[in-house]
Amino acid sequence: MSQFLNQNPRTHTCHDLNIQNLGQKVVLMGWVQSLRDHGGRRFIDLRDRYGITQVVFKPETNAKLHARSHELRSEWCIGIKGLVEDRKSNGGSPNPRLKTGEIEIDVQELEIFNRSQTPPFLIENQIDTHEDKRLAHRVMDLRRPEMQANFKLRHQVMQATRRYLDKDQFLELETPALVKYTPGGARNFIVPSRLQPKSFFALAESPQIFKQLFMVAGMDRYFQIVKCFRDEDLRGDRQPEFTQIDIEMSFINEEDIYKMTEGLVKSIFDSVLNVKLASSFKRITHTEAMSRYGSDKPDTRFGLEHTDLTPVLKDLNGGGVTLFEQTLSKGGMIKAMCIPKAHELSRTEVSKLEDLVKSMGGLGLGRAKAAENGSAWTQSPFAKQITPEALKAINQACKANDGDLILFQMGKPKLVNMVLAGLRTRLAERFKLIPKNTWDVLWITDFPLFEHDEDTNTYIAAHHPFTSPRPEDIERLKSNPGACKSRAYDLVINGNEVGGGSIRNYDPEVQAKVFEALGVSAEEQESKFGFLLEALRFGAPPHGGIAFGLDRLCMIMAGASSIRDVIAFPKSQRGTDLFTGAPTPIDNKQLLELGLTFRI
RNA sequence: GGGGUGGUAGUUAAGUUGGUUAUAACGCCGGCCUGUCACGCCGGAGGCCGCGGGUUCAAGUCCCGUCCACCCCGCCA
């Protein structure tokens with residue numbers, strides 16, 4: 001029990017005091033950020049969540065205290081009582097980098113709440129410690145001002161969301177995390193039920209069905225800031241548990257969703273970052289995004305757009321190049337990206353790009369440099385074979401001028417797009433084409449309803465099976481599923497997918513047709529999604545919604561390079577918690593209680 | 001599941017064609033210093049070179065395996 005704390009409640013934070021407070025007796029609490037010992041003067045930077053204040057121990061104020069301050073060390077947690085003094089009149093100089101830089105505290109009383117072991121790394125912003133060490137000492141990592149700012153931002157994003165949606169008549173409603181396992185989509189974490197042996201819950205991968213049930217129940221406008229769980233492999237922007245801002249609305253169409261979202265996102269950016277976003281966001285169709293950028297989440301802050309050469313070369317029968325001809329005969333795609341002359345690449349760099357292509361699963365990197373007034377190619381394996389006609393056509397399609405480098409990818413469209421999109425972002429970084437402090441917000445619209453699965457030769461839902469097809473596609477759901485478009489949309493910021501949603505099937509007959517097209521039998525529909533279909537039969541309203549990845553949004557807004565920097569206790573890439581050591585084995589007694597045994 | 005990068009002092013890194021006692025910076029410990037704030041000066045401690053095999057007279061360095069972290073592909077309706 002600290003007498004000091006009882007008798008001396010904190011009067012200010014380490015960010016509060018300035019020249020206005022001269023002569024005041026104050027009490028500050030915090031951590032020792034740094035020590036500077038000058039023999040007859042000992043300076044300490046005291047840090048709390050709010051800032052830093054310099055405190056000074058002087059022998060003439062209290063000789064015993066000055067002597068005792070000698071034992072203080074970095075990251076000790078202390079409280080001090082003292083007088084606010086002017087640094088200048090004390091013979092020092094102000095520190096313009098600190099808000100409290102004009103003053104210092106002459107310490108009269110010192111309380112050491114707790115000593116600290118030597119910290120594993122320095123508690124400062126420009127840290128170069130490897131991430132595994134930061135995660136292993138996460139508490140110390142979270143002490144760093146940079147990290148504290150990230151979590152303050154996260155808090156502000158959540159509060160701005162609640163304020164905006166509350167004002168807009170949304171109800172914040174909760175849905176279960178322990179849910180019925182439903183097939184399809186992300187792999188679920190499975191939770192054994194003790195009370196129902198041999199039965200299992202799934203952790204909700206999203207509240208999708210429940211929010212639709214809310215709409216049927218007449219809740220009209222729902223939102224939730226909710227944890228979702230997906231047992232899939234991790235990435236820099238993917239964690240097994242993550243947070244969504246989940247929204248659903250009744251009696252609306254796409255335009256209502258766009259309007260609501262634009263209002264919400266603008267409000268968040270305005271109140272958190274004081275950034276005014278465009279009044280309505282750009283829109284680009286999925287087809288156009290894939291064609292121009294090879295990605296359904298393009299970063300359109302820079303150019304380096306793709307050119308689809310497939311139609312051009314089809315007309316020219318491959319233009320004399322064997323590789324082109326072979327690709328076309330197999331129904332493949334040929335795409336190019338033109339790197340302007342201004343962005344010079346050395347031979348080594350181009351060969352490194354080829355390594356990158358191969359690491360992404362591509363076969364190689366075709367290239368050609370335009371020369372001789374667009375009548376020749378150099379440094380190209382295609383130069384010997386290509387007909388003059390095709391060469392010109394390609395140059396023209398790519399808008400290639402002399403000295404420009406054309407990079408080619410050919411083969412299956414999915415791979416071509418992925419590889420070329422990877423090259424595009426790599427080159428944008430290489431040539432610093434990405435403007436800082438800009439917010440590129442766009443809608444991706446008109447997604448295909450289904451994706452073709454090559455392995456099983458079946459169609460699977462591109463978004464999820466509750467997504468409504470465009471009305472004009474309902475008739476051809478079965479006859480031509482590949483051509484059907486959905487009423488789904490994604491929100492992309494700076495090349496990150498931060499949100500996605502759709503208008504749902506509220507007509508049980510349409511829903512049944514979609515399931516049918518997906519090859520889900522009537523019996524399966526009832527056993528797996530019966531509760532939803534049942535609800536739809538009780539007067540379901542037209543409805544739709546959207547969900548935002550809160551972590552990704554915060555990552556982008558904080559300028560962080562990984563989602564882990566805005567999640568307090570994230571998992572490592574192999575899905576473990578390096579701080580607590582989770583997951584851990586459990587003992588046989590626990591297993592027995594659950595009616596489980598190991599086979600291995 | 002596949003591909004890549006990395007692992008050397010508390011931290012970040014250097015370490016040559018394999019060859020004396022494995023370096024540096026920061027941090028840490030001790031001393032000096034009355035105006036610092038990346039304080040300064042003097043001195044010192046600190047190493048299973050991720051782990052396990054192998055090659056060799058000799059391995060941080062070469063080979064094989066393995067673990068961990070991160071990035072990418074697959075996966076993420």
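Please read all numbers here as calculations on a predicted model, not as lab measurements. Every chain is numbered from 1 and lettered A, B, ... according to where its sequence line falls, protein lines coming before strand lines.
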Side-chain N,O (A/Arg574) to OP1/OP2 (B/C71) below 4.0 Å
no

Pair of N/O donor and acceptor under 3.5 Å linking B/G74 base with A/Arg235 side chain:
yes

Do A/Ser468 and A/Arg504 get their side chains close enough for a donor-acceptor pair, meaning under 3.5 Å?
no

Under 4.0 angstrom between A/His130 side-chain N/O and B/C70 OP1 or OP2
no

Is there a donor on the side chain of A/Arg87 or the base of B/U36 sitting less than 3.5 Å from an acceptor on the other?
yes

Do the side-chain N and O atoms of A/Ser206 and A/Gln244 include a donor-acceptor pair separated by under 3.5 angstrom?
no

At 4.0 Å (heavy atoms only), tell me whether A/Pro96 reaches a base, stays on the sugar-phosphate, or touches nothing.
nothing

When you measure from the side chain of A/Asp565 to the backbone N and O of A/Ala560, does any donor-acceptor pair fall under 3.5 Å?
no

Whom does B/U5 pair with, Watson-Crick or G-U wobble, provided both distances fall under 3.5 Å?
B/A69

Given that both distances must come in under 3.5 Å, which nucleotide forms a Watson-Crick or G-U wobble pair with B/G40?
B/C32

Would you mind checking if A/Arg564 and A/Glu131 are paired as a salt bridge, meaning a charged N to carboxylate O distance below 4.0 Å?
yes

With a non-hydrogen cut-off below 4.0 angstrom, is A/Ser562 in contact with a base, only sugar-phosphate, or nothing?
nothing

Between B/G46 and B/G65, how many Å separate the two P atoms, rounded to a whole number?
37 Å

Rounded distance in Å between the C1' positions of B/A25 and B/G15
15 Å

Under 4.0 Å: is that the gap between some side-chain N or O of A/Ser74 and OP1 or OP2 of B/C28?
yes

Using the C1' atom as the point on both nucleotides, what is the distance between B/C71 and B/A9, in whole Å?
28 Å

Just verifying a value: how many Å separate A/Leu491 CG and A/Glu497 CD, rounded to the nearest 0.5 Å?
9.5 Å

Separation of B/C41 C1' from A/Arg36 CZ (nearest whole Å):
17 Å

NA contact type, A/Glu131, heavy-atom cut-off 4.0 Å: base, sugar-phosphate, or nothing?
sugar-phosphate

Side-chain N or O of A/His70 less than 4.0 angstrom from OP1 or OP2 on B/G31?
yes

G-U wobble or Watson-Crick pairing nucleotide for B/C62 (cut-off 3.5 Å, both distances):
B/G54

Could you tell me whether the side chain of A/Arg424 and the main chain of A/Leu304 form a donor-acceptor pair under 3.5 Å?
yes

I'd like the P distance from B/A69 over to B/C32, given in whole Å.
46 Å

Mind checking if A/Lys133 touches a base, just sugar-phosphate, or nothing, with heavy atoms under 4.0 Å?
sugar-phosphate

Near-ring test A/His452/A/Tyr459, centroid separation under 6.0 angstrom:
yes

With a non-hydrogen cut-off below 4.0 angstrom, is A/Arg73 in contact with a base, only sugar-phosphate, or nothing?
sugar-phosphate

Measure NE2/A/His38 against C1'/B/G40 and give the value in whole Å, please.
8 Å

Which part of the nucleic acid does A/Pro120 contact within heavy-atom distance under 4.0 Å: base, sugar-phosphate only, or nothing?
sugar-phosphate

Separation of the C1' atoms in B/A14 and B/C29, to the nearest angstrom
25 Å

Mind checking A/Glu124 for me? I need base, sugar-phosphate or nothing, with any heavy atom below 4.0 Å counting as a touch.
nothing

Do the side-chain N or O atoms of A/Thr576 get closer than 4.0 angstrom to the phosphate oxygens (OP1, OP2) of B/A69?
yes

Base, sugar-phosphate, or nothing for A/Leu578, non-hydrogen atoms under 4.0 angstrom?
sugar-phosphate

Which part of the nucleic acid does A/His66 contact within heavy-atom distance under 4.0 Å: base, sugar-phosphate only, or nothing?
nothing

Checking all strands, does A/Ser561 fall into the base, sugar-phosphate, or nothing category for heavy-atom contacts under 4.0 angstrom?
nothing

Tell me what A/Gly361 touches on the nucleic acid: a base, only sugar-phosphate, or nothing, going by heavy atoms under 4.0 Å.
nothing

Between B/G7 and A/Asp132, counting only base atoms on the nucleotide and side-chain atoms on the residue, is there a donor-acceptor pair under 3.5 Å?
no

Could you check whether A/Phe43 gets within reach of a base, just the sugar-phosphate, or nothing at all, counting any heavy atom under 4.0 Å?
base

Would one find a side-chain N or O of A/Ser572 under 4.0 angstrom from OP1 or OP2 of B/A69?
yes

Nearest-Å distance for atom pair CZ/P, residues A/Arg41 and B/C32
17 Å

So does A/Asn95 reach the base of B/C37 with its side chain, donor to acceptor, closer than 3.5 Å?
yes

Expressed as a whole number of Å, how far does the C1' atom of B/C49 sit from that of B/A59?
11 Å

Just checking A/Arg564: base, sugar-phosphate only, or nothing, at a heavy-atom cut-off of under 4.0 Å?
sugar-phosphate

Distance criterion of 3.5 Å, no angle test: do you see the side chain of A/Asp37 paired donor-to-acceptor with the base of B/C33?
yes

When rounded to whole Å, the CG to C1' distance for the pair A/Asp237 and B/C75 reads 13 Å

Can you tell me, in whole Å, how much space there is between the P of B/U20 and that of B/A13?
25 Å

Got a donor-acceptor pair under 3.5 Å from the side chain of A/Arg238 to the base of B/C75?
yes

Over all strands shown, is A/Ser93 touching base, sugar-phosphate only, or nothing at heavy-atom distances under 4.0 angstrom?
base

Sidechain N-carboxylate O distance under 4.0 Å for A/Lys211, A/Glu248:
yes

Separation of the C1' atoms in B/U55 and B/U12, to the nearest angstrom:
33 Å

Rounded to whole Å, please give me the gap between CD in A/Gln54 and P in B/U36.
10 Å

